[in-house]
Amino acid sequence: MDTENNTNTGAMRDLKSLSKGELIKLMEELGQPAFRVKQVEDWIWNKNASSFDDMTNLPKSLRTELAGKLTLGGVEEVARQVSEDGSRKYLLRLPDGATVECVGMPSGKKLAVCVSSQAGCAMGCAFCATGGAGFTRSLTASEIYDQVMHVRDDFNTRVTSVVFMGQGEPFMNYNNTLAALRKLNDPEQGGIGARHLTVSTCGVIPMIRRFSHEPEQFTLAVSLHSAVQKTRNILMPGVKKYSLLNLYTVMGEYVDRTGRRPTYEYALIGGVNDTRDEMDALCDFCRDTLAHVNLIQLNEVPGSKLKPSTQRKAEDFLNALARVGVEATIRNSRGADIDAACGQLKQRLS
Ligand code: SF4
């Protein structure tokens with residue numbers, strides 16, 4: 001697993017990668033009063049300063065000293081697409097040149113943000129543009145946090161929820177994902193309630209178990225996409241070694257331990273996972289569990305043979321799940337007109 005620090009490159013450390021203790025020590029070494037720590041934290045976590053010169057309530061000499069010792073991380077917008085429904089999708093460049101996508105989805109007074117946890121992804125899901133393009137590296141906690149700040153500043157409004165459903169498998173970058181969740185949740189940083197912070201995993205079982213022991217009430221979504229082992233192995237080869245039986249068991253443990261309702265994501269793919277057998281298997285998998293199922297029409301990836309199911313099929317699944325007492329929703333794909341599937345904006349520009 002990557003840690004916050006070992007994915008940074010270059011000789012100078014990123015100010016945002018310092019722990020609170022390290023920041024306090026640095027200010028002491030620079031002969032600064034204790035209140036400077038809070039001022040610096042405010043600039044990096046709330047005001048999203050893009051340069052040390054922005055930190056106008058710090059003495060000029062301190063700003064110069066900091067700039068000589070540390071970098072300020074941050075993300076740079078390379079491209080964006082704006083949807084008719086108001087969603088905005090961004091391609092952001094990180095300090096080492098790696099790029100990631102994130103999306104802002106406004107709805108009334110709410111603003112949801114979808115972030116990436118890795119640049120690229122090693123999981124190789126058959127229906128995903130990012131999976132097809134390979135893995136670059138995991139992101140640090142502050143690189144994940146910075147995506148949220150970028151969207152917040154662009155919409156100039158408070159972010160009310162964050163989903164880790166962009167590029168990457170968050171549980172293959174567990175420590176930094178957790179650290180980012182905690183920053184987003186901290187009232188002095190992101191200030192977003194734990195229940196409004198959702199991690200989406202392909203089903204990395206050891207990390208689901210670990211996540212269920214975390215004290216915060218973060219929420220969990222699992223990309224299921226088939227409850228038939230053979231189909232799931234083809235669609236999601238990265239989690240082939242974690243069987244559906246083991247996934248079922250660990251999800252039971254998760255619910256028993258946390259009392260929280262997990263979500264299963266199910267992208268309906270015509271002729272692949274929308275057959276009668278698949279529907280029955282999904283009903284069996286979810287029956288008598290607390291799970292909620294999100295049925296999604298597949299986002300088409302250019303050049304892929306996989307096509308979305310019909311709306312009628314989605315409704316059939318919804319009704320079948322209701323008959324066995326499982327809550328389900330047909331989720332509208334936000335930003336369908338802007339290549340909503342992750343990885344496509346990046347591919348378009350490369
Ligand atoms: S769907 Fe998610 S986990 Fe699967 S390849 Fe794409 S980014 Fe990776």
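Each ligand, and each atom within it, is numbered from 1 in the order the structure gives. The figures here come from the full heavy-atom set of this structure, side chains too, leaving out hydrogens, waters and symmetry mates. Just so you know, residue 1 is the first one in the sequence shown, and it goes up from there. Just so you know, these numbers come straight off a predicted model, no measurement behind them.
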A.B. asks: Among side-chain atoms of Q229 and S243, is any donor-acceptor pair under 3.5 angstrom?
C.D. replies: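 Side-chain D/A pair, Q229 to S243: absent.
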A.B. asks: Mark up the atoms of ligand 1 that fall under 4.0 Å of a heavy atom belonging to C202, in ascending order.
C.D. replies: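 It comes down to these atoms of ligand 1: 3 (S).
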A.B. asks: Show which atoms of ligand 1 fall inside a sub-4.0 Å distance from at least one heavy-atom site of C121.
C.D. replies: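 Those of ligand 1 that fall under 4.0 Å from C121 are 3 (S), 5 (S), 7 (S), 8 (Fe).
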A.B. asks: With a cut-off of 2.8 Å, does C128 place any N/O/S atom under that distance from atom 6 (Fe) of ligand 1?
C.D. replies: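 Checking atom 6 (Fe) of ligand 1 against C128, an N, O or S atom does fall under 2.8 Å.
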A.B. asks: Under 4.0 Å from a heavy atom of G124: give me the atoms of ligand 1 that qualify, with their elements.
C.D. replies: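 Selected atoms, number and element: 5 (S).
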A.B. asks: Under the side-chain contact (heavy atoms from CB on, under 4.5 Å) criterion, do V228 and N273 qualify, and how do the steps go?
C.D. replies: CA-CA 9 Å; V228 175; N273 64 357; over 6 Å; no
A.B. asks: With distance as the sole test, does T249 use its side chain to make a donor-acceptor pair with the main-chain N or O of L245 at under 3.5 Å?
C.D. replies: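 Yes, T249 side chain to L245 backbone: donor-acceptor pair under 3.5 Å.
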A.B. asks: Using the ring-ring contact (aromatic ring centres under 6.0 Å, His included) criterion, which residues pair with Y254? Sequence neighbours excluded.
C.D. replies: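 Y254: no ring-ring contact (aromatic ring centres under 6.0 Å, His included) contacts found.
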